[in-house]
Amino acid sequence: MRSGIIRPYPSIRQSYSTDIAIIGGGISGALVAYYLSKEGIPAILLDKRQIGLGSTCASTSLLQYEIDTPLGKLSKQIGTKKANQSYLLCIDAIDKINKITDSLKSDAGFSLKKSFYYASNKKDVDEIKTEFQLRKNIGINLELLSGNDIERLFPFSAPAGLLSAVGGQIDAYFFTHELLKSSIDSGLKVFDNTDVVKINHHKRGIELETSFGEVIKAGKLIIACGYESQGYLSKKIVDLNSSFAIVSEPSTTKNIWYQNSLIWETARPYLYMRTTDDNRVLVGGKDEPFYNPEKRDRLIAKKAYQLKKAFGKKFPDFDFRIDFAWAGTFAETKDGLPYIGKVREHPNTYFALGFGGNGIVFSQLAAEIIRDILIGKKHIGEGIFKFDR
């Protein structure tokens, strides 16, 4: 997050009645609010923090059609048809984010990028070749690169890789505020520093009680709190990991590597890299399989050193001087897909939970799917990302 506090929002000071209440003021909640506002549906959005200062401000903001679970593996988990649809829906989601930024007063740092996915070692070459064929078969625009191709385009070697035409990046924090600004102009009410301490479910709606004592009555509730949404569910749906990132000082070099594409690898956990629109290099990864914010933050200096060293092995001529280093919580599902929709234990409630390495893309899908459910329209993703899959 380089933009600072973009604009203030008030805490709630009176009770309200509305059609939709949204809990969560990050990128997921903002996208849901944006889609509802375009339909003219009255809504109120609440966040216990300041807007965008949860996982959104820690996001490294890669927009990938590629899911953390490779297409071949995902096909075995959920079936070929649904796996193919998942990948194609992600491509469509990036295109729709592009169109949204075109409609806003600011592009929110959005740009289209190619995505380079390489084999970390020789044993992963077969996976790369399989992925190429599976993706090509469903019309995805990509190239299979040999080791020689990679050495020609990049200053490092890898035995094989996929160069996809579809990918992108954005300033998630700035985008969140731009979405909310547009939605407020269309009637959305936004309150931050407002904690919902109790949710009462009724047959015809829900009732939220805040820490200030105000009550919000709504016909439907949408929960878009990222990994913290697990607290509203009795069934465990995610594993929480700690992830780390660094970003360099601005460089004078315009093309730091081949077309400044997004870069990531087959190894798990994976290392990933992208450039920024002000010519910095962002490197992330070195995940740890635990959730403990204090323990995680104590590792930032060590992980920053490891990330810089890993980057230096691939780009030895780049003078990487760390400007910022940070850590965040990374939620992982059993199949790498988001959870979108309702659960039986919470009537009149929908969840927009875009987990994984391409969480912003999943948040776009969640907003579109929930919008369609509320206006009585069928969406192909509803059955793929449901809780009881």
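Heavy-atom basis, side chains included; hydrogens, waters and symmetry copies ignored.
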Set of side-chain hydrogen bond (donor to acceptor under 3.5 Å, both in side chains) partners for Lys99, sequence neighbours left out: Asp95
If we ignore hydrogens and angles and just use 3.5 Å, is the side chain of Glu345 paired with the main-chain N or O of Tyr232 as donor and acceptor? no
Heavy-atom count check: over 12 atoms from other residues, nucleotides or ligands less than 6.0 Å from Tyr305 OH? no
Test side-chain contact (heavy atoms from CB on, under 4.5 Å) applied to Asn84 - qualifying residues, sequence neighbours left out: Leu71, Thr80, Ile138
Result of checking Phe116, Phe315, Phe154 against Trp257 for ring pair (Phe, Tyr, Trp, His ring centres under 6.0 Å): Phe315
Give a yes or no on whether Phe385 and Ile78 share a hydrophobic cluster (residues Ile, Leu, Val, Met, Phe, Trp, Tyr; joining criterion: side-chain heavy atoms under 4.5 Å apart). yes
Got a donor-acceptor contact below 3.5 angstrom from the Thr253 side chain to the Asn255 backbone? no
Hey, any chance Leu31 and Ile94 share a hydrophobic cluster, counting ILVMFWY side chains that come within less than 4.5 Å of each other, even indirectly? yes
Is it the case that the side chains of Ser157 and Tyr118 hold a donor-acceptor pair, with the cut-off being a distance below 3.5 Å and no angle test? no
According to side-chain hydrogen bond (donor to acceptor under 3.5 Å, both in side chains), who are the partners of Asp317, at least two apart in sequence or on a separate chain? none
Give the C-alpha distance, both sets of side-chain angles, the deciding distance and a yes or no for side chain to side chain donor-acceptor pair (under 3.5 Å) between Asp185 and Ser182. CA-CA 5 Å; Asp185 291 343; Ser182 173; 5.8 Å; no
For Pro347, does its backbone N or O pair with a side-chain atom of His201 as donor and acceptor, under 3.5 Å? yes
Work out which heavy atom in Lys113 is nearest to a heavy atom in Asn260; give both atom names and the distance. CD-O, 3.3 Å
Under the 3.5 angstrom rule, does the side chain of Ser242 hit a backbone N or O of Phe290 as a donor-acceptor pair? yes
Partners meeting side-chain hydrogen bond (donor to acceptor under 3.5 Å, both in side chains) with Glu288 (sequence neighbours left out): Lys303
Those residues at least two apart in sequence (or on a different chain) that pass side-chain hydrogen bond (donor to acceptor under 3.5 Å, both in side chains) with Asp287 are Ser243
Taken to the nearest 0.5 Å, the spacing of Ile246 CD1 from Phe324 CZ works out to 13.0 Å
Starting from the C-alpha separation in whole Å, work towards a yes-or-no answer on salt bridge (charged side-chain N to carboxylate O under 4.0 Å, His left out) for Arg7 and Glu178. CA-CA 10 Å; Arg7 60 179 60 92; Glu178 288 296 290; 3.6 Å; yes
Hey, mind stepping through Asp319 and Arg321 against salt bridge (charged side-chain N to carboxylate O under 4.0 Å, His left out) and telling me if it holds? CA-CA 6 Å; Asp319 184 13; Arg321 301 186 183 188; 2.8 Å; yes
Name each donor-acceptor pair under 3.5 Å that joins a side chain in residues 205-223 to protein atoms two or more places apart or in another chain, with its distance.
residue : atom : partner : partner atom : Å
Glu209  : OE2  : Asn200  : ND2          : 3.1
Thr210  : OG1  : Phe212  : N            : 3.2
Thr210  : OG1  : Gly213  : N            : 3.4
Thr210  : OG1  : Glu214  : N            : 3.3
Thr210  : OG1  : Glu214  : OE1          : 3.4
Lys220  : NZ   : Asn348  : OD1          : 3.2

In this structure, would Ile340 and Leu353 fall into the same cluster of hydrophobic residues linked by side-chain contacts under 4.5 Å? no
Given 3.5 Å as the limit, does a donor-acceptor pair link the side chain of Arg268 with the main chain of Glu265, or not? yes
Same cluster or not: are Ile67 and Phe387 linked, directly or through other Ile, Leu, Val, Met, Phe, Trp or Tyr residues, by side-chain heavy atoms under 4.5 angstrom apart? no
Please assess Gln133 against Asn137 for the test side chain to side chain donor-acceptor pair (under 3.5 Å), listing each intermediate value before the final yes or no. CA-CA 6 Å; Gln133 197 59 56; Asn137 288 346; 3.0 Å; yes
Test item: Asn279 side-chain N/O and Ser251 main-chain N/O as donor-acceptor pair under 3.5 Å: yes
Which word best sums up how the rings of Phe191 and Tyr16 line up, parallel for under 30°, tilted for 30 to 60°, or perpendicular for over 60°? tilted
Keeping to residues at least two apart or across chains, list the side chain to side chain donor-acceptor pair (under 3.5 Å) pairs with something in residues 65-76. Tyr65-Arg135, Tyr65-Ser164, Glu66-Ser115, Glu66-Arg135, Glu66-Trp264, Asp68-Tyr270
Which atom pairs, donor and acceptor, lie under 3.5 Å between side-chain atoms of residues 292-302 and protein residues at least two apart or in another chain?
residue : atom : partner : partner atom : Å
Asn292  : OD1  : Glu294  : N            : 3.2
Asn292  : OD1  : Lys295  : N            : 3.0
Arg296  : NH1  : Thr329  : OG1          : 3.1

Pairs touching residues 237-255 that satisfy salt bridge (charged side-chain N to carboxylate O under 4.0 Å, His left out), sequence neighbours left out: Lys236-Asp239
Using side-chain contact (heavy atoms from CB on, under 4.5 Å) as the criterion, list what pairs up with Ala93, not counting sequence neighbours. Val361, Gln364, Leu365
Stepwise side chain to side chain donor-acceptor pair (under 3.5 Å) test for Asp278 and Thr276: CA-CA 5 Å; Asp278 60 344; Thr276 67; 2.4 Å; yes
Are Val238 and Leu240 packed together at the side-chain level, in the sense that at least one heavy-atom pair is separated by less than 4.5 angstrom? yes
Minimum heavy-atom distance between Ser61 and Ile360, given as atom pair plus value: CA-CD1, 3.8 Å
If we count only N and O atoms by modelled type, under 3.5 Å, do the side chains of Ser120 and Thr266 hold a donor and an acceptor together? yes
When rounded to the nearest 0.5 angstrom, what is the spacing between CG in Asp47 and CD1 in Ile22? 11.5 Å
For the side chain of Glu332 and the backbone of Gly356, is there at least one donor-acceptor N/O pair under 3.5 Å apart? no
For residues 51-65, the salt bridge (charged side-chain N to carboxylate O under 4.0 Å, His left out) pairs (sequence neighbours left out) are none
Go through the steps to decide whether Glu143 and Lys136 satisfy the test salt bridge (charged side-chain N to carboxylate O under 4.0 Å, His left out), and finish with yes or no. CA-CA 9 Å; Glu143 301 173 61; Lys136 186 179 178 181; over 6 Å; no
Atom NZ of Lys314 with >12 non-hydrogen neighbours under 6.0 angstrom: yes
How about CZ on Arg204, more than 12 heavy atoms from neighbouring residues, nucleotides or ligands closer than 6.0 Å, or not? no
Is a donor on one side and an acceptor on the other found under 3.5 Å between the side chain of Gln230 and the backbone of Lys235? yes
Are any of the side-chain heavy atoms of Leu162 and Leu145 separated by less than 4.5 Å? no
Short question: side chain of Asp171, backbone of Phe174 - any donor-acceptor pair under 3.5 Å? yes
Step-by-step salt bridge (charged side-chain N to carboxylate O under 4.0 Å, His left out) determination, Glu228 to Arg49: CA-CA 13 Å; Glu228 292 178 328; Arg49 301 181 181 88; 2.7 Å; yes
Is there a side-chain contact between Asn358 and Leu63 in this structure, where contact means two heavy atoms from C-beta onward sitting under 4.5 Å apart? no
Could you check if a side-chain atom of Tyr350 sits within less than 4.5 angstrom of a side-chain atom of Val32, using non-hydrogen atoms only? no
Apply salt bridge (Lys or Arg N to Asp or Glu O under 4.0 Å) to Asp195 and list each qualifying residue two or more places apart in sequence or on a separate chain. none
